[in-house]
Structures are given as structure tokens and as C-alpha cells.
*Asks:* 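Okay, here's the structure, questions in a sec.
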Amino acid sequence: SYEIPRGQIVFLSHERQEELAQHIPFVQRMPWNHFARKNVAYLYAIANGAEYIWDFDDDNDLMPGKLLNAYTNQDPSTPQQVLQVDNRNNTACQVYNPYAFFQPSALGIWPRGYPLEKLHVAECQLVTKTSTYCIRGASIGIWQSLANGDPDVDGIFRLTRGNELPVNFAGTLVRDANAIIVPQETLSPMNAQAALFHQSAFWSLLLPTTVHGRVSDIWRSYFAQTLLKLTGIEVAFVGPLVTQARNPHNFLADMNAEQPLYERAGVLAEFLLAWKENASDSTLEGSMERLYSDLYEYGILEWNDIGLVQDWLALLEALDYPFPKLQKSADRVQSHSCLPNQQSIHHEVMSPDTQATIMSSRHHHKYSNVVLVGQFNWNLDAAYVMHWVNRWSEFFEHVHVRGPFNNTNIMILEDNNVHVVTSANDAGYYSPMKNLADTLRLVADDATIDGVMITHDDLIFNLTQLEALGFPSKTEILSQAPPETTDQPYLYFTNHSTFRKAGSDKEFDVNDYQKARLKDWPWWKECIPGFANATSRHNLRRSSYTEHDGTVGLYANSLGDFAYVPTKYTAIFADMADWLVENKVFLEVGFPTLIGHLQNYYGAKAKLVEYCTPVYDSNRPHYAKWIPYCSDPTRTWSHYYPSRQNPSPPWGLFHPIKLTAANLSVWDQTFDYITTGRIAAGSSFESRVSPLAAKPNIENDRER
């Protein structure tokens with residue numbers, strides 16, 4: 001038992017909470033029968049002068065001898081001996097699993113909220129090095145306790161490995177260091193079952209209300225760590241302070257409630273880490289409000305949580321709560337060795353996954369005369385890039401990747417024999433044209449290579465359909481067919497013959513551009529200056545691309561996610577691409593202009609590959625719902641392409657199908673289905689590939 005003086009216990013009854021709601025809008029916002037009702041208690045404790053808040057569940061018992069006084073009575077200036085995980089060379093795993101470092105009785109156990117797609121990624125099983133450090137107690141804002149008995153795991157673990165419960169943790173491998181600091185470059189799922197919050201982290205207690213209670217505390221922990229990293233305040237995991245004798249639960253109901261965790265934890269972590277690097281607010285309060293707003297835009301939270309965080313921050317300010325100051329990276333707390341000789345240990349979490357070996361055995365290189373270039377618009381984890389390369393290498397002997405990769409990802413990819421080139425970090429607005437041009441230059445003198453194909457990482461093409469169009473050809477170009485504009489309010493290109501011109505004696509007329517019906521495209525105003533610069537009378541390179549009447553043609557008719565260009569057109573294509581990229585002409589205009597010029601003045605033949613996408617429809621992320629309409633000629637696609645019902649020949653390009661949207665096995669099934677039609681006999685596509693959560697991608701994708 002844990003004795004607490006009677007006067008220090010406050011029970012906030014239903015009636016007392018209703019009374020508070022009459023005076024405090026924040027309390028009014030709190031839904032009943034929701035885990036986030038705990039927010040009312042947090043606010044009450046802060047208002048009454050709490051220095052620490054112990055956030056725990058009613059089915060957790062403090063273990064004998066594990067009193068919280070060991071943490072709450074510490075001198076803030078006293079160094080604490082902790083372990084710090086060295087994760088600097090492991091960018092593939094942005095979410096850290098602390099359980100393995102505390103010697104669990106069930107190997108391979110993972111906490112609720114850990115991205116499932118990381119469980120079988122080899123790089124994520126090689127977090128091996130820890131070092132013993134001293135850190136001031138005041139630098140730790142949250143102590144997250146593990147739990148013996150029935151620890152915090154997800155419904156999938158309980159349904160598939162429940163026979164391994166109860167689970168006990170023996171502690172870290174380093175004596176006198178029972179805490180581990182979450183690595184700076186990663187996040188880690190924390191829960192509200194046994195966590196001690198110091199006053200410096202009270203602001204982070206807020207639980208979202210617009211998600212299920214099984215999700216709320218996990219999302220809170222990800223949001224909190226993102227902001228804590230801007231303040232120099234650390235999060236520490238400690239060995240079990242509690243034993244959980246879990247209340248009765250319906251495991252299937254738990255699993256269903258946790259779906260957002262399974263589908264979005266990985267991409268949310270990637271989003272948050274990128275958000276942290278771009279944070280530019282002057283105060284923590286401003287950063288927190290902006291983060292919640294961005295999470296609403298990204299589809300993680302709903303509107304009520306925007307008002308909730310605004311009310312929360314206003315109340316804390318009214319209570320004169322001392323918000324921590326934001327710190328520059330160089331000023332953040334630096335830990336140092338406790339011992340004269342710094343200790344390091346090596347601990348292998350589990351055996352490396354054999355997935356890469358299995359995939360390598362599939363390769364048979366159907367096309368040896370084509371270089372396939374993967375266009376990555378973002379610094380995607382090397383593990384995803386390698387997976388993409390492995391799958392396409394089943395068909396192409398030469399697979400290159402280009403994108404704004406950082407040095408760590410470049411090193412990992414090169415170590416795995418991936419041909420990788422870093423390119424401009426422009427969100428894919430212009431760089432795909434340059435990447436295709438540079439690859440053409442690279443292989444132009446190689447007699448064994450007939451052409452270069454570029455495709456975005458989230459586009460999968462039907463190889464049977466490409467071959468029906470003559471691929472791979474030494475002379476014929478393949479380009480992405482323009483979707484029709486009929487009944488398509490979000491599409492912006494007219495039919496294939498449409499283009500606008502800059503006259504020989506005047507500048508480009510913006511009004512002409514508006515007449516081209518591009519006004520529905522959100523980026524058209526940004527695209528105009530680039531073409532205006534390229535076609536300006538003062539642009540010395542303009543004369544190289546004028547037509548017979550002295551005008552310069554602008555083709556506004558296509559998309560830019562895919563193209564195949566034979567090497568015989570390298571010189572003119574590459575030179576013209578340089579001109580367009582230098583002037584920042586968007587690829588949606590640049591690619592059709594390049595191909596149109598090759599057709600009109602160099603006699604090139606070009607064929608269009610039919611393109612299937614739900615555009616901005618709500619089904620867009622659920623590709624199991626929309627792909628069958630494009631691939632099955634017996635089904636109509638009238639909502640998207642009114643004049644193309646029962647399409648024949650079949651569609652060749654499918655987009656977007658994102659690597660980061662769900663477990664890679666789902667992406668693999670989709671890849672097999674589209675590229676070759678391989679699927680288990682008797683199974684429909686819908687039953688084999690489960691739909692994904694809404695807005696699964698972290699990318700600021702314009703979606704052409």
C-alpha cells in the first residue's frame with residue numbers, strides 16, 4: 001500500500017466537474033466517457049500548485065520499494081545516471097522501442113503505438129549501442145515507467161502472443177542506470193498508465209479528445225516529444241515502478257480502436273520529426289498551437305482539439321504557469337559521462353530480418369536495356385527506398401534513385417549497392433526534369449541502354465500495358481496521359497492538343513493562361529512566373545525553342561509523374577530541360593512542352609499511357625477501393641472519366657500508392673497486382689489489399 005494523507009486526496013465527482021464546466025469553457029469541451037476527461041484533473045492539480053503529476057491507471061499497483069519519492073525528492077541540480085541510445089547512424093527507424101533494453105521475458109515485445117511496419121525492417125533491429133551518461137535531474141521532464149505483469153502492448157500483440165503474458169522486465173544491462181533517454185533523432189510511444197510529469201512538462205499533459213482513448217495518450221506522447229526537443233527537456237524510460245493487473249478488456253474491440261496507431265504511427269512520426277526541424281516560433285506556446293493546427297490539416301486531429309489547445313494554453317497563462325523557453329540546437333542540454341571511462345554496451349534486440357535476402361532472390365532483370373529512375377521528392381527513410389529498389393529490380397537491371405537524401409541515407413543506400421544521387425529539395429516541382437535529363441546524359445554513350453524511364457516513388461505502372469504500347473523502344477517516347485476535365489473540378493489540364501504561346505514580339509500574356517482553364521489548379525499562379533521568365537524576350541535561350549512563327553509554345557496538357565525517353569533524344573531533351581528548370585517551370589508544363597517540342601521539330605513519336613487516379617476524392621488514400629475501377633474493364637469509371645467507361649486497353653499508370661501509407665506487405669500486394677497481375681487464385685483485389693486510413697502521407701504533395 002502507499003499511504004497518502006487524507007487532506008491530500010481530492011475526488012472530482014460528476015457534480016463537481018459539471019460545476020467547473022459552468023465557469024470554464026475548457027471543461028465544457030471535454031466529452032464524457034472519454035479518456036481525455038483526465039484533462040480536468042490535470043488542470044485542477046496545476047491550479048492547486050502541483051510540482052509533479054503522477055499519471056496512472058486504476059489497475060496499476062506501485063511495486064514494493066519503488067516509491068515515487070526516489071524521483072520527486074531529487075535535487076534538480078544533482079546528476080542522474082542514465083543510458084543514452086546512440087541512434088545517429090540509424091535513420092531508418094524514427095520510432096524507438098524501449099522495451100528491449102530492459103530485458104523483457106518476452107523477446108520482440110513492442111509497446112502500443114509502435115509502428116508495425118518497423119517490426120520486420122532489419123535496420124530497426126540493430127539499435128545496439130548505449131552509453132552511460134550523467135544528466136541534471138531538472139533536464140528530465142517526463143519519467144515513463146514500464147509495467148510488469150500486463151504491460152502496455154497493443155491488441156495485435158494480445159491476440160497473437162497473449163500466451164506469453166505475463167511479461168516481466170529485468171532492468172537495463174548497466175547497474176545503477178535504470179533509465180534510458182529517448183534519442184534526440186527519434187520518438188517513442190509513451191502512455192498514461194504510469195508516467196511522472198515534472199512541472200516543466202505540465203503543458204504537455206493535454207490529451208486530445210477527437211480520437212479514441214486507446215489512441216489519445218499515444219498521440220499526446222508523440223506531440224509532446226516533438227515540442228520537448230525544442231526546449232532541451234528530456235524524456236526518460238525507467239524500469240517498472242508498477243505491476244499491472246489489467247481490468248477485463250475485449251481484445252478485438254481494443255484492436256479496432258487502435259487502427260489509427262497501426263496505420264499512421266510511422267508516417268506521423270516522420271511528419272513530426274520533419275516538423276521539428278522546420279519549427280520557427282519564438283515561444284513554446286506558439287509552437288504548440290501551430291503544431292495542433294498542422295495536425296488538424298494533416299488529418300490526425302479534428303477541429304475541437306484546435307479550440308481545446310487554445311483554451312488550455314490560455315488557462316495555463318492565466319495561472320502564471322512558467323512555460324519553458326525554446327532553445328537553439330547548440331544551447332540544448334548536453335549530457336556527459338558519469339564515469340572516468342565512458343561505458344558502452346552492445347545489445348542485439350533480435351535477429352535481423354531476412355526480407356532483403358528473400359527479395360534479392362526474386363531478381364531476374366526482364367529489362368536490361370532501360371534505366372529506371374525513382375524520383376523521391378522527400379528524404380524518405382533508406383529502408384523504404386531499398387524496398388522500392390528491390391521490388392523494381394525484379395524487372396529492371398538498372399535502377400537508380402534521385403532525391404533530396406541526407407548524407408546518412410546516402411551512405412546507407414550506397415553501402416547496399418543502390419545507385420543514388422542527391423538532387424534539389426524542391427518538393428518535386430522541377431527536379432524530375434533535371435533528374436531525367438542528367439540520367440540520359442549519364443548513359444547516352446552506353447550502347448546497351450536504349451532509354452531512361454522516370455517514375456515517382458508513389459506511382460506503379462502496368463508493364464503489360466507498356467509493352468502493348470511498344471515499350472521498350474529505341475525511338476518512341478511514353479508520357480502520362482492527361483486526365484479529362486469533364487466532371488473533374490480539381491483537374492486543371494484541357495485536352496491533349498491545348499497549348500498557349502508567348503508571342504515573338506511581346507511577353508507571355510497571363511490572360512491567355514487563364515483561358516487555358518488552369519485556374520482550378522492551386523499552383524497555377526506560381527507556375528506563371530517561371531514560364532514568363534523562360535519565354536521573356538530578354539531570355540537568351542528562348543530563341544533555341546521558338547517555333548517557325550517566332551512564338552514559344554506552352555503545352556498545358558499533362559502530368560509529370562512518369563516519362564520514358566529514348567537516349568537518341570538526349571542532347572535536345574537535356575538542354576531544353578535545363579532551360580525550363582533554370583526558370584522554374586513546373587514539370588506539369590515542362591514535361592509536355594519538352595515532349596511536344598521533340599514531336600513537332602524532331603519527328604519524335606510519343607504515345608500516351610492511360611493514368612488512373614481518384615484525384616482529391618475521399619477514396620484517394622484507400623487505393624483498394626479505386627484501383628479495381630481502373631483495372632477491370634467490366635466496371636465503369638464514370639465518376640472520374642465520363643467518356644472512358646469500360647476502358648480498353650487497360651490503364652497503365654496508378655497513382656498515388658505510397659510506401660509510407662501502411663505496412664509494406666500491403667504495398668507489395670498492390671505492386672504485384674498492378675505490375676504483373678499476380679494475385680492468389682480466387683481472391684479479389686479488395687479482399688487481398690485492405691484500405692488505408694485517410695490522409696496517410698506526410699508529404700506536402702501537390703498531386704498533379
*Asks:* Counting only heavy atoms from other residues, nucleotides and ligands, does the tally under 6.0 Å from CG of D415 exceed 12?
*Replies:* yes
*Asks:* Among residues at least two apart in sequence or on other chains, which ones pass salt bridge (Lys or Arg N to Asp or Glu O under 4.0 Å) with E164?
*Replies:* R161
*Asks:* Taking only residues two or more places apart in sequence or in another chain, which ones pass side chain to side chain contact (heavy atoms under 4.5 Å, CB included) with L159?
*Replies:* F251, L252, M255
*Asks:* By side chain to side chain contact (heavy atoms under 4.5 Å, CB included), which residues pair with F35, not counting sequence neighbours?
*Replies:* K38, D57, A192, L207, D217
*Asks:* Taking all heavy atoms of I412 and all of A382, pick out the closest pair and write down the distance.
*Replies:* CG2-CB, 3.6 Å
*Asks:* Under the rule for side-chain hydrogen bond (donor to acceptor under 3.5 Å, both in side chains), what residues qualify as partners of T439, not counting sequence neighbours?
*Replies:* R402
*Asks:* In chain order, what residues pass the salt bridge (Lys or Arg N to Asp or Glu O under 4.0 Å) check against E258, with sequence neighbours excluded?
*Replies:* R214
*Asks:* Going by the rule side-chain hydrogen bond (donor to acceptor under 3.5 Å, both in side chains), which residues pair with N379 if we only count those two or more places apart in sequence or in a different chain?
*Replies:* N409
*Asks:* Under a plain distance cut-off of 3.5 Å, with no hydrogens placed, do Q375 and D457 share a side-chain donor-acceptor pair?
*Replies:* no
*Asks:* Under the ring pair (Phe, Tyr, Trp, His ring centres under 6.0 Å) test, which residues partner H400, sequence neighbours left out?
*Replies:* H419
*Asks:* Under the rule for side chain to side chain contact (heavy atoms under 4.5 Å, CB included), what residues qualify as partners of A265, not counting sequence neighbours?
*Replies:* P115, W219, Y222
*Asks:* What residues form a side-chain hydrogen bond (donor to acceptor under 3.5 Å, both in side chains) with N148, not counting sequence neighbours?
*Replies:* none
*Asks:* So, are R158 and D154 salt-bridged, with charged N and O less than 4.0 Å apart?
*Replies:* no
*Asks:* Can a salt bridge be assigned to the pair R112 and D254 using a cut-off of 4.0 Å between side-chain N and carboxylate O?
*Replies:* no
*Asks:* Can you list the steps and then say if K434 with D426 is a salt bridge (charged side-chain N to carboxylate O under 4.0 Å, His left out)?
*Replies:* CA-CA 12 Å; K434 180 169 176 54; D426 64 359; over 6 Å; no
*Asks:* Between S287 and L227, which heavy-atom pair has the shortest distance, and what is it?
*Replies:* CB-CD2, 3.8 Å
*Asks:* So W392 and W388, do their side chains get closer than 4.5 Å, heavy atoms only?
*Replies:* yes
*Asks:* How would you list, by chain and number, every residue that makes a salt bridge (Lys or Arg N to Asp or Glu O under 4.0 Å) with D305, sequence neighbours excluded?
*Replies:* none
*Asks:* Who pairs with E289 by side chain to side chain contact (heavy atoms under 4.5 Å, CB included), at least two apart in sequence or on another chain?
*Replies:* Q310, L313
*Asks:* Please name all residues satisfying ring pair (Phe, Tyr, Trp, His ring centres under 6.0 Å) with Y99, sequence neighbours left out, ordered by chain then number.
*Replies:* F169
*Asks:* Establish, yes or no, whether the cationic atom of R264 lies under 6.0 Å from the six-membered ring centre of F271 and within 45° of the ring axis.
*Replies:* no
*Asks:* For the pair D152 and R246, find out whether any cationic side-chain nitrogen is under 4.0 Å from an anionic carboxylate oxygen.
*Replies:* no
*Asks:* Would you find a donor on one side and an acceptor on the other, under 3.5 Å apart, between the side chain of W143 and the backbone of V235?
*Replies:* no
*Asks:* Can you tell me if N390 uses its side chain to pair, donor with acceptor, with the backbone of M386 under 3.5 Å?
*Replies:* yes
*Asks:* Which atom names give the shortest non-hydrogen contact between L205 and W312, and what distance separates them?
*Replies:* CB-CZ2, 4.4 Å
